[in-house]
Amino acid sequence: TEPGYIRNFCIIAHIDHGKSTLADRMLQLTGVVDPRQMRAQYLDRMDIERERGITIKSQAVRMPWTVKEGEQAGYQAVLNMIDTPGHVDFTYEVSRSLAACEGAILLVDAAQGIEAQTLANLYLALENNLKIIPVLNKIDLPAAQPEKYAEELAHLIGCEPEDCLRVSGKTGMGVEHLLDEVVRQMTPPVGDAAAPARAMIFDSVYDVYRGVITYIRVIDGHITARDRIKMMSTGAVHELLEIGVSSPEPQKHPGLGVGEVGYLITGVKDVRQSRVGDTVTLNSRPATEALGGYKDPKPMVFSGLYPLDGSDYPELREALDKLKLNDASLVYEPETSAALGFGFRCGFLGLLHLEIIQERLEREFGLDLIATAPNVVYKVTTDDGQEIVVTNPSEYPTGKVASVSEPVARVTVLAPNDYVGAIMELCQSRRGVLQGMDYLSADRVELRYLLPLGEIIFDFFDQLKSRTKGYASLDYEPSGEQVADLVKVDILLQGEPVDAFSAIVHKDKAYTYGVSMTSKLQKLIPRQQFEVPIQAAIGSRVIARENIRAIRKDVLAKCYGGDITRKRKLLEKQKEGKKRMKMVGRVEVPQEAFIAALSTS
Ligand code: GDP
Ligand code: MG
């Protein structure tokens, strides 16, 4: 296809504003999906995406479109649409998609208005110099206020309210016109067809049957099925087994030229050999200069994952290896815990990412797991000037500490102005520093804060939602580090520290953490033959204490007389129960106590 006919665009929006549903209508109207095969959120392929109703992976789809109305009626365009995930954890995925496009449809729910990720995604699109088409969605809803939000949106991006299109992804109203406007307003891709080939890898996924599928956008030149390709970062050369386009099912294609979006299959088995952000060129006539890549996503949140059944450890390793093939942002290394046994310390982009990986491990690989309380990365400088990167509280140095620094995030909260007080209170209680405040309209406020990331991952979003009746939205991005008054709190059972419960917290919150953990454990751990003190301590200083009183549990006393089979049954039952016990020193702790203590903390 000649570049002049191509339009590459993505749909960006706050979560739930209707991107995937709008994409469905486009698939239908352009005829690429047979009406009988159509189902809601067609492009959300993973089970977990379908169940949660969220998009995790971006998807690129090629659709033919013949302009219906106006001066260009009859013009036959090729549209490449990239559906993007909306959640904060996956911003890096959005930014990759944006770099493959010339334009973006900025979708806003006409019953909700602008939200935090509307802004975050708009800024990303502007940084990538994309043409923005503002669109109000869900105009079929009785609660829709398109007039009001057209004003808001126009004010935000600096256009006239009439320039905001109105559609319903649900009923299809206005979608044909929107496709016409994509062709009219967005510019076709520009590149040098005669130059050595250069294509940008914007996604790379592992498929059990086909190996790694590499999604590319061609910038210059041409790649055909007969070519041998070369990865510019490593110099590795691969045969092409297949080249094609997603429409949305994969279709072989003889070749891809300037501006085209499609996929390559090389038989490589590891996504790391086909890295997102790398430039693909041809071995026969390689380009000399690579395209600007993307920033590597950095894990922000760490948690230990342990199999409930220790003998599942090899399966857990294998499962992580397999997920890593598909998700280069997942990092992990083996670790051992005195309380939980063998497991892995895993790094994630955020809490949703953690939840999704844990759920996929359990669901797709049949594993039962315990996850330790998530923490961020701390940098500890010891008195003798050594700097230690701590991704696990148990690595916190025992000696004298000169300073500790924690990651900080720039946070944007959008809410109706009735809730400003409640939001400020929450942010202050989390050590937030107000950076600025803007009115987007008479009753809608944007608050900007600097907040320690560790405070955000600790149920901040839930608190925000409950204090604003669900009306506030949140976006954050990492923004450096700060030195803070942090301490490590250990939890001890009978004087033995339980590594899985250690936490690094702000000095002012150490006491609260200690009291809540000791009292929680006091309820969760059954009485033993002897008294068990539960303590919370900073170094050798005890800050909270509870006791589990001793009992003498003589179960056999119930079996009066000589009913030997009944006695044996009871003993066996007790043994059964012991298997699910972990020993901490001399104290037997049921597995459930660990799970309960970790999940609610
Ligand atoms: P995404 O997170 O932006 O991809 O949003 P989805 O497409 O998954 O839609 C979120 C919810 O809004 C779903 O329940 C959709 O059925 C609903 N929805 C999407 N578009 C419309 C629309 O135009 N009208 C109405 N009434 N509901 C819609
Ligand atoms: Mg979606």
Side-chain angles (χ1 to χ4, degrees), residues 9-30 33 38-61 63 81-98 101 104-122 124-125 132-150 153 164-179 181 203 248 350 352-353 355-356 414 461 465 470-471 473-475:
F9 70 96
C10 53
I11 307 176
I12 54 178
H14 190 72
I15 191 160
D16 276 349
H17 280 204
K19 295 178 292 295
S20 301
T21 307
L22 178 63
D24 286 348
R25 291 295 83 67
M26 292 183 172
L27 296 177
Q28 222 170 9
L29 286 169
T30 58
V33 175
M38 197 63 212
R39 51 172 195 193
Q41 282 95 25
Y42 189 88
L43 298 175
D44 291 346
R45 299 281 171 97
M46 289 196 273
D47 284 347
I48 183 163
E49 289 183 310
R50 300 197 63 79
E51 270 167 36
R52 294 181 169 228
I54 56 170
T55 309
I56 298 166
K57 292 294 293 180
S58 292
Q59 293 276 351
V61 185
M63 310 177 289
M81 173 187 62
I82 300 176
D83 185 20
T84 61
H87 194 276
V88 282
D89 282 13
F90 305 108
T91 298
Y92 83 106
E93 187 108 7
V94 181
S95 58
R96 279 153 35 181
S97 310
L98 294 186
C101 298
I105 292 175
L106 178 66
L107 205 60
V108 172
D109 186 327
Q112 302 278 329
I114 293 163
E115 303 275 10
Q117 266 107 61
T118 316
L119 293 183
N121 287 316
L122 171 65
L124 277 177
I132 310 285
I133 300 183
V135 178
L136 292 163
N137 188 29
K138 308 196 188 181
I139 53 166
D140 61 290
L141 286 176
Q145 296 177 278
E147 306 305 325
K148 175 177 172 194
Y149 293 126
L153 195 51
C164 300
L165 304 183
R166 285 136 203 235
V167 305
S168 164
K170 187 172 175 192
T171 67
M173 196 196 306
V175 181
E176 290 198 338
H177 179 60
L178 172 57
L179 288 170
E181 288 300 312
D203 202 5
L352 179 67
H353 189 214
E355 240 179 76
I356 283 168
L414 258 69
F461 191 53
K465 283 281 173 194
Y471 281 116
S473 59
L474 167 76
D475 191 73

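First listed ligand is number 1; within each ligand, the first listed atom is number 1. The first residue of the sequence shown is numbered 1, and numbering continues consecutively from there.
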Practice problem: Would you mind listing which atoms of ligand 1 come within a distance below 4.0 Å of any non-hydrogen atom of Thr21? | Solution: 6 (P), 7 (O), 9 (O), 15 (C), 19 (C), 20 (N)
Quiz item: Which residue, Ile11, Thr118, Leu136, Ile114, forms the side chain to side chain contact (heavy atoms under 4.5 Å, CB included) with Leu106?
Solution: Thr118
Quiz prompt | Spatial distance of atom OG1 (Thr21) from atom NZ (Lys138) [nearest 0.5 Å] | solution = 7.0 Å
Quiz item: What are the atoms of ligand 1, with element, lying closer than 4.0 Å to any heavy atom of Gly18?
Solution: 1 (P), 3 (O), 5 (O), 6 (P), 7 (O), 9 (O), 19 (C)
Name the atoms and distances for all side-chain donor-acceptor pairs under 3.5 Å in residues 167-174, with sequence neighbours left out.
residue: Ser168; atom: OG; partner: Asp140; partner atom: OD1; Å: 2.9
residue: Ser168; atom: OG; partner: Lys170; partner atom: N; Å: 3.2
residue: Ser168; atom: OG; partner: Thr171; partner atom: N; Å: 3.0
residue: Ser168; atom: OG; partner: Thr171; partner atom: OG1; Å: 3.1
residue: Thr171; atom: OG1; partner: Met173; partner atom: N; Å: 3.2

Practice problem: Mind checking side-chain contact (heavy atoms from CB on, under 4.5 Å) for Gln28 and listing every partner two or more places apart, or none if nothing turns up? | Solution: Arg25, Met38
Quiz item: Do any nitrogen or oxygen atoms of Thr171 come within less than 3.5 Å of a nitrogen or oxygen of ligand 1?
Solution: no
Quiz item: Of the choices Lys19, Gln117, Lys138, Met173, which has the non-hydrogen atom that lies closest to atom 3 (O) of ligand 1?
Solution: Lys19
Quiz item: With no hydrogens and no angle check, is any side-chain donor or acceptor of Gln117 less than 3.5 Å from a backbone partner on Leu474?
Solution: yes
Quiz item: What part of Asn137, side chain, backbone, both or neither, has a heavy atom within less than 4.0 angstrom of ligand 1?
Solution: side chain
Practice problem: Identify, by atom number and element, the atoms of ligand 1 in contact range of Leu141, meaning under 4.0 Å from any of its heavy atoms. | Solution: 26 (N)
